[in-house]
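Below is one structure, written out as C-alpha cells; comments come after it.
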Amino acid sequence: RSVNQGDSWSQVFRNPQVNIQVMEKRAGFKSIVFAPSNSNIVYAGMELERNQIDQGLAVRNNTPGFGVYKSSDGGITWQPANDATSAIENINMLAVNPQDADTVYAATLQHGILKSIDGGKSWQQVNKGLTVSDVRSITIDPRNPQLLYAGVENGGIFVSTDGGSNWQASGNGMEPQSAIHSIVIDPTNSKIIYAGDIQSGVFRSDDGGKLWVRINNGLRTRAVQTMAISA
C-alpha cells in the first residue's frame with residue numbers, strides 16, 4: 001500500500017497461515033478493486049501462479065484457490081470474504097457495484113461468475129446463459145449497475161441486463177473463440193465499449209455490445225491482456 005503516489009510502499013497483507021499456503025501453491029492477488037461508492041472498502045481476488053493457469057494445469061486438476069479478501073479500512077488490514085463456495089476459487093477479476101459497496105462480482109477460472117450482495121459473506125453462482133466456465137473479465141456499466149459485460153476464454157463476450165441473473169452471448173463481429181481478458185466502458189458514453197482479445201487485439205462497439213469492429217491499426221502486438229480508458 002502506498003499513500004504518496006508510489007514513492008514508498010508498506011506491506012499490508014501479513015496473515016502468516018495464508019502466506020505459507022501461498023508460497024506452497026504459488027498463488028497471488030490477481031485483482032484489486034476499490035468500491036466506487038466507498039473508498040474504505042477494497043476487494044482482492046487470489047489466483048494460482050500464472051504458468052499453471054496458462055498451461056491448463058489448474059483447470060485440468062481442478063486445483064483450489066484462495067478466493068476473495070476484503071479490507072474495510074482502505075487496504076490497511078485484510079480478512080477473508082468467503083463462504084464455502086468462494087473460498088476455493090481462483091479469481092480472475094472482481095467488479096463492485098458502483099452504487100453499493102456490498103454487491104461484488106467475481107469472475108472465476110473454473111466456475112463462472114459468483115455474486116455477493118452482503119460484502120463477501122455469502123456468494124452464489126450466476127451463470128445462467130454462460131457457455132464457458134472460465135471467465136476472464138467482468139465490467140459493470142457505471143450508469144446502470146444492472147448492466148454487466150463478461151469476457152470468457154475461447155467464447156467471446158456475454159451481457160447481462162439484470163444484475164447477472166441471466167446472460168446472453170453478445171459477440172457479433174468477433175471470432176467465436178475470442179478470449180476476452182479486458183473490457184472497458186467509455187465513461188462519457190456507455191454505449192461505447194472496448195474489448196481486449198489475447199488472440200485478435202482490440203474490438204470496439206458503438207451500440208452497447210451488439211456489434212463489434214476490430215481496431216488494430218498500429219497495434220504491433222495483438223495479445224491484449226488489459227486496457228484502461230481516461231476519465
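Excluded from the calculations below are hydrogen atoms, water molecules and symmetry mates; all remaining heavy atoms, backbone and side chain alike, are included.
No more than 12 heavy atoms of other residues, nucleotides or ligands lie within 6.0 Å of CD in Gln168, so this atom counts as exposed by the packing criterion. For Asn4, the CG atom sits in a packed shell: over 12 heavy atoms of surrounding residues, nucleotides or ligands are nearer than 6.0 Å. Summarising the local packing, CD1 of Ile198 is surrounded by more than 12 heavy atoms from other residues, nucleotides or ligands at distances under 6.0 Å.
One N or O on the side chain of Asn82 and one on the backbone of Val68 form a donor-acceptor pair closer than 3.5 Å. The closest donor-acceptor contact from the side chain of Ser31 to the backbone of Ala44 lies at 3.5 Å or more, if one exists at all. Remark: side-chain polar atoms of Ser160 are paired, donor with acceptor, to backbone N or O of Asn166 under 3.5 angstrom. Of the possible donor and acceptor atoms, one in the side chain of Arg143 sits under 3.5 Å from a partner among the backbone N and O of Pro187. The main-chain N or O of Trp123 is never found under 3.5 Å from a side-chain atom of Ser86 such that the two would form a donor-acceptor pair. Without hydrogens or angle criteria, Ser182 side chain to Met227 main chain gives a donor-acceptor distance under 3.5 Å. Side chain of Lys70 to backbone of Gly119: a donor-acceptor contact under 3.5 angstrom is found. At least one donor-acceptor pair under 3.5 Å links the side chain of Trp167 to the backbone N or O of Val126. At least one donor-acceptor pair closer than 3.5 Å links the side chain of Asn216 to the backbone N or O of Val202. Counting only distance, with no hydrogens or angles, the side chain of Asn40 and the backbone of Asp73 share no donor-acceptor pair below 3.5 Å.
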Between Ile180 and Arg136, does the side chain to side chain contact (heavy atoms under 4.5 Å, CB included) criterion hold? Intermediate values first, please.
CA-CA 7 Å; Ile180 305 301; Arg136 294 300 177 104; over 6 Å; no

Full working for side chain to side chain contact (heavy atoms under 4.5 Å, CB included) between Ile157 and Met174
CA-CA 9 Å; Ile157 195 166; Met174 295 180 178; 4.1 Å; yes

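Atoms CG and CG, from Leu114 and Leu94 in turn, are 10.0 Å apart once rounded to the nearest 0.5 Å. If you take OH on Tyr69 and CZ on Phe13, they are separated by 4.5 Å, rounding to the nearest 0.5 Å. Rounding to the nearest 0.5 Å places CG of Asn38 at 9.0 Å from CG of Asp102. Taking CD1 of Ile113 as the start and CG of Asn127 as the end, the distance is 6.0 Å to the nearest 0.5 Å. The distance from atom NZ of Lys121 to atom CG of Asp83, rounded to the nearest 0.5 Å, is 12.5 Å. Between atom CH2 of residue Trp78 and atom OG of residue Ser71 there is a gap of 5.0 Å, rounded to the nearest 0.5 Å.
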N/O donor to acceptor pairs below 3.5 angstrom from side-chain atoms of residues 188-195, sequence neighbours left out:
from: Thr188; atom 1: OG1; to: Asp186; atom 2: OD1; distance (Å): 2.7
from: Asn189; atom 1: OD1; to: Lys191; atom 2: N; distance (Å): 3.1
from: Tyr194; atom 1: OH; to: Arg204; atom 2: NH1; distance (Å): 2.9

Considering only distance and modelled atom types, tabulate donor-acceptor pairs under 3.5 Å from the side chains of residues 146-156, sequence neighbours left out.
from: Gln146; atom 1: OE1; to: Gly163; atom 2: N; distance (Å): 3.2
from: Tyr149; atom 1: OH; to: Gly208; atom 2: O; distance (Å): 3.1
from: Glu153; atom 1: OE1; to: His181; atom 2: NE2; distance (Å): 2.7
from: Asn154; atom 1: OD1; to: Gln199; atom 2: NE2; distance (Å): 3.2

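Tracing side-chain contacts under 4.5 Å through hydrophobic residues (I, L, V, M, F, W, Y), one reaches Phe203 starting from Ile185; they form part of the same cluster. Under the 4.5 Å side-chain heavy-atom criterion for grouping Ile, Leu, Val, Met, Phe, Trp and Tyr, Val224 is connected to Ile229 within one hydrophobic cluster. When the side chains of ILVMFWY residues are joined at heavy-atom separations under 4.5 Å, either directly or via intervening members, Phe66 and Val104 end up in two distinct hydrophobic clusters. Put simply, Val12 and Met46 are part of the same group of oily side chains (I, L, V, M, F, W, Y) that touch within less than 4.5 Å, one to the next. In the hydrophobic clustering of ILVMFWY residues, with side-chain heavy atoms under 4.5 Å counting as a link, Tyr43 and Ile88 come out apart.
Among Thr108, Asp134, Ile138, the single residue meeting the side-chain contact (heavy atoms from CB on, under 4.5 Å) criterion with Asn92 is Asp134.
Considering all non-hydrogen atoms of both residues, Ile91 and Glu47 come closest at O-CB, 3.5 Å. Here the closest non-hydrogen pair linking Glu175 and Ser200 is OE1-OG, 3.6 Å. Scanning both residues, Gly201 and Leu219, for their nearest heavy atoms gives CA-CD2, 4.2 Å. The two residues Ser2 and Ser8 make their nearest non-hydrogen contact at OG-O, 3.0 Å. Counting all heavy atoms, side chain and backbone alike, Lys210 lies closest to Asp207 at N-OD1, 3.0 Å.
For Ala169, the side-chain contact (heavy atoms from CB on, under 4.5 Å) criterion is met by Phe158, not counting sequence neighbours.
Donor-acceptor pairing under 3.5 Å is recorded for the side chains of His111 and Glu89.
Side-chain contact between Pro98 and Ile140 is present, with at least one heavy-atom pair separated by less than 4.5 Å.
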